[in-house]
Amino acid sequence: MNDSILQTSNFIKDIIEKDKANNHDLTIMTRFPPEPNGYLHIGHAKSAYINFSLAKENNGICNLRFDDTNPTKENQIFVNSIKDDLAWLGLKWEKPTRYASDYFDKLYDFAKTLILNGDAYVCDLTPEEIRTFRGTLTNPGIDSPYRNREISENIELFEQMKNGCYEEGSRVLRTKIDMSSGNLNLRDPVIYRIIKTPEHHRTKNKWQIYPTYDFAHGQADSIEGVTHSICTLEFEDHKPLYDWLLEKLKIHHPQQIEFARLNLSFTVLSKRKLANLVSEKYVTGWDDPRMPTLAALRRRGYPPVAILNFCAEVGVAKRENTIDISLLEHHVRKELNQTASRILGVIDPVKLIIDNYPSNISETFEAINNPENPKAGTRKIPFSREIFIEKSDFMENPTGKFFRLTIGSEVRLKYAYIIKCTDVVKDPKSKEIVEIHCTYDPLSKGGVATDGRKIKGTLHWVSASDSIPAKIKIYDRLFTIEKPETETDYLKYFNNDSLITKTAQLEPSIISSKEGSNYQFERIGYFVLEKKYSNNNSPIFNQTVSLRDSKK
RNA sequence: UGCCCGAUGGUGUAGUGGUAGCACGUCAGCCUUUGGAGCUGAAAUCCCUGGUUCGAAUCCAGGUCGGGCAGCCA
């Protein structure tokens, strides 16, 4: 994890500071507890970052624990992808990797302890009956008829549940708390249920019963010695149950602290909505570069440190929030500006012919790889009579502050020469400009005017015969509205222009690029090489993020 | 007409009884062989009403508004 990441204070740090002041021997222990039932996204990154950074700043420990208590939803594929994503971010967890399923035996014993103490009972009500008996938000529930079973009968029944004697859904183990509590989580919550298929990804067919989240999470925290169990706001109502179980069991009692999960503008982060985008084919998969998943951001070329810096800067608080996606992009640009190699590439090319430049020669010019980092060195780029420039860099009838090319105006070709536009050739039918004719100032080699005249506009270009065609995928925000998350018909606001594919001409040095390498195409944006060769043998680049562009 | 949580510029986030700070964004200027970056500046904020106090974003009371909770999901 990057040590240079800027940190502001937050209420969790305050709590930890106080706890440390009260107990000088305290070793801070946190954990990141994903359920292996999906891919990690930027919101998980925030949560992971909080847990990992809190441990690191306090010379503590952070575990990675998979919350794998429900085999109907979880599998090994997600365990692997989550580990990959965390490693990619550079977050290092305490070894070994933990699993809630590691504690199934202990959890089973804890449950028996509860039964023996009269704090839990086997209930034969159907799921529907349990729901009815639970009451409503405003009306108290009523006791299950099985609530006062003999302890010995409960023990026997629970053991038979474990042994697979009963059908799924026929019986559960519930705590005995308070059916009239204003907090529904305290109305005798279910702590064990029967699940026979599919088999668990780790414990296989050993268990026929599985603990619920409420029964597994706190106890797992306790077993591991977690001191601060940090989770999102929706678990606030579970905290009294978390505390109740730990007190009844008389075991180490971690402190649960809740914070507000991340929301990002112009995208969605709920698993269901993301899954819909995939299943309804709005995107090509979970790692489609438009998605907010870590796998997608990686493919998009986001540097991990930019994501970490972003997580550090969004802060930790309890109020609902929607972070402006431009803050994320800011951190991506900030990092890439320092690290990405520059190249010249023309995405929407139009041919430019320098009429007074000899057709039988070519020159090479030295280009700076990264003006922010002299150590990145230089490279050669070829120049010739016919080049490509960006269509948008020529305007026949310029309006406002247009510093680029127009008939009669002078402009600098970066690293090369100053040129002056003399004429354009249009397609007779479409009226589209097909050729721009210019003359160059032979004395301006390197782009400097010998007479000291100021040249305001500088264009990027590539030599027509030496450039390399490439496929460019340009991405935009996933949705057209700021908060699609709050809309039920959010798919209506999907941004149909979120992916645009173009063919570009790139300078030849790009040949030596490696997959995953970040580039800045000067004056355009940041790009990452996705695949060296597409079907037609040209490389494919994903746009990471555009350059900020204040052109009017 | 239950229980719990929250409210500081457009968006986030500091502040813990003493000039409301920072970041992103926006706007303007400077600089520039990237209209990028960088530099400088600007506009913009304490949910409301009372109370305590010399002094309140902060403490107290009462409101208002927003969010969460009725899986054998996590």
Side-chain angles (χ1 to χ4, degrees), chain A residues 6 8-10 14 33-35 37 67-70 72-74 100 123 125-127 130-132 134-141 168-174 180-187 189-195 209-210 212-214 216-217 231-240 258 260 262 265 271 310 313-331 333-334 337-338 342 344 367-368 371-372 401-404 412-416 418 446-448 455-460 482 520-526 546-552:
Chain A
L6 228 122
T8 55
S9 67
N10 65 54
D14 293 346
E35 184 188 13
N37 72 341
D67 228 331
D68 56 350
T69 59
N70 185 350
T72 65
K73 303 201 168 186
E74 297 144 5
C123 182
L125 255 24
T126 65
I130 287 181
R131 195 185 329 120
T132 308
R134 186 155 36 225
T136 67
L137 292 177
T138 49
N139 296 317
E168 287 190 17
S170 64
R171 279 181 231 262
V172 290
L173 185 68
R174 306 174 69 176
S180 64
S181 172
N183 182 343
L184 303 214
N185 293 119
L186 263 23
R187 317 240 266 226
V190 171
I191 58 172
Y192 261 96
R193 31 25 155 148
I194 299 167
I195 299 174
I209 57 171
Y210 291 90
T212 58
Y213 163 84
D214 283 312
H217 202 94
C231 61
T232 46
L233 252 28
E234 68 267 29
F235 294 104
E236 276 178 321
D237 291 342
H238 294 248
K239 188 176 179 181
E258 312 86 12
L262 175 77
S265 63
K271 206 168 276 177
F310 168 79
E313 210 185 338
V314 295
V316 183
K318 297 190 81 157
R319 61 191 97 110
E320 296 289 337
N321 62 82
T322 302
I323 308 289
D324 195 331
I325 197 162
S326 64
L327 181 63
L328 212 207
E329 294 175 340
H330 160 76
H331 283 287
R333 289 191 183 100
K334 192 176 172 186
N337 181 45
Q338 297 300 320
R342 271 62 168 172
L344 302 187
I368 296 164
E372 305 292 327
K401 292 181 180 173
F402 185 77
F403 306 134
R404 291 161 282 161
R412 173 170 37 239
L413 296 175
K414 185 154 187 171
Y415 300 124
I418 294 169
V448 191
I455 303 296
K456 178 87 177 163
T458 301
L459 307 189
H460 61 279
E482 194 173 340
Q520 184 198 97
F521 294 3
E522 293 213 32
R523 303 211 302 136
I524 301 175
Y526 295 99
S546 69
L547 237 33
R548 272 179 83 251
D549 183 1
S550 57
K551 275 186 290 225
K552 286 184 177 154

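Reminder, nothing fancy here: chain letters follow the sequence lines and each chain counts from 1.
- Below the 3.5 angstrom threshold, one finds a donor paired with an acceptor across the side chain of A:Glu372 and the base of B:G36.
- Nearest nucleotide to the side chain of A:His238, out of B:G35, B:G36, B:A74: B:A74.
- Across all strands shown, A:Val314 has heavy atoms under 4.0 Å from sugar-phosphate atoms exclusively, and none from any base.
- Pairing for B:A44 is absent, with no Watson-Crick or G-U wobble pair whose two atom distances lie under 3.5 Å.
- Heavy atoms of A:Asn337 sit under 4.0 angstrom from at least one base atom.
- Using a 4.0 Å heavy-atom cutoff across all strands shown, A:Thr136 reaches at least one base atom of the nucleic acid.
- For A:Asp237 against B:G68, a side-chain N or O and a base N or O form a donor-acceptor pair under 3.5 Å.
- Residue contacts for A:Pro371: at a heavy-atom cut-off of 4.0 Å it reaches a base atom on one of the strands shown.
- When heavy atoms are screened at a 4.0 angstrom cut-off, A:Thr69 is found touching the sugar-phosphate backbone but no base atom.
- At the heavy-atom level, A:Ser265 lies nowhere under 4.0 Å from the strands shown.
- Across all strands shown, the partner of B:U64 is B:A7, judged by Watson-Crick or G-U wobble contacts whose two distances both fall under 3.5 Å.
- Residue A:Thr232 is out of contact with every strand shown, counting any heavy-atom pair closer than 4.0 Å.
- Nucleotide B:A70 forms a pair with no other nucleotide shown, judged by Watson-Crick or G-U wobble geometry with both contacts under 3.5 Å.
- At a cut-off of 3.5 angstrom, the base of B:U34 holds at least one donor-acceptor pair with the side chain of A:Gln520.
- Residue-level contact check: A:Asn139 touches neither bases nor backbone, having no heavy atom under 4.0 Å from any strand.
- Residue A:Leu125 is classed as a base contact, given a heavy-atom separation below 4.0 Å to a base.
- B:G38: Watson-Crick or G-U partner is B:C30, with both key distances under 3.5 Å.
- In this structure, A:Phe235 reaches the bases: a heavy-atom distance under 4.0 Å links it to at least one base atom across the strands shown.
- B:C22 is paired with B:G12 under the criterion used here, namely a Watson-Crick or G-U wobble arrangement in which both key atom distances are under 3.5 Å.
- If you take CZ of A:Arg523 and C1' of B:G35, they are 8 Å apart, rounded to a whole angstrom.
- In terms of phosphate contacts, A:Arg134 brings a side-chain nitrogen or oxygen within less than 4.0 Å of OP1 or OP2 of B:G71.
- Nucleotides B:A57 and B:G50 place their P atoms 14 Å apart, quoted to the nearest Å.
- Looking at heavy-atom distances under 4.0 Å, A:Leu233 makes no contact with the nucleic acid at all.
- Side chain of A:Ser326, nearest nucleotide from B:C24, B:G15, B:G35: B:C24.
- A:Lys73 comes within 4.0 angstrom of sugar-phosphate atoms only, judged by non-hydrogen atoms across all strands, and of no base.
- No engagement by A:Phe521 is indicated, since no non-hydrogen atom pair under 4.0 Å with the nucleic acid exists.
- As judged by a 4.0 angstrom heavy-atom cut-off over every strand, A:Ile524 is placed among residues making no nucleic acid contact.
- For the residue pair A:Ser181/A:Asn183, the side-chain donor-acceptor check at 3.5 Å is not satisfied.
- Remark: B:U58 base-pairs with no nucleotide in the shown strands. Criterion, Watson-Crick or G-U wobble with two distances under 3.5 Å.
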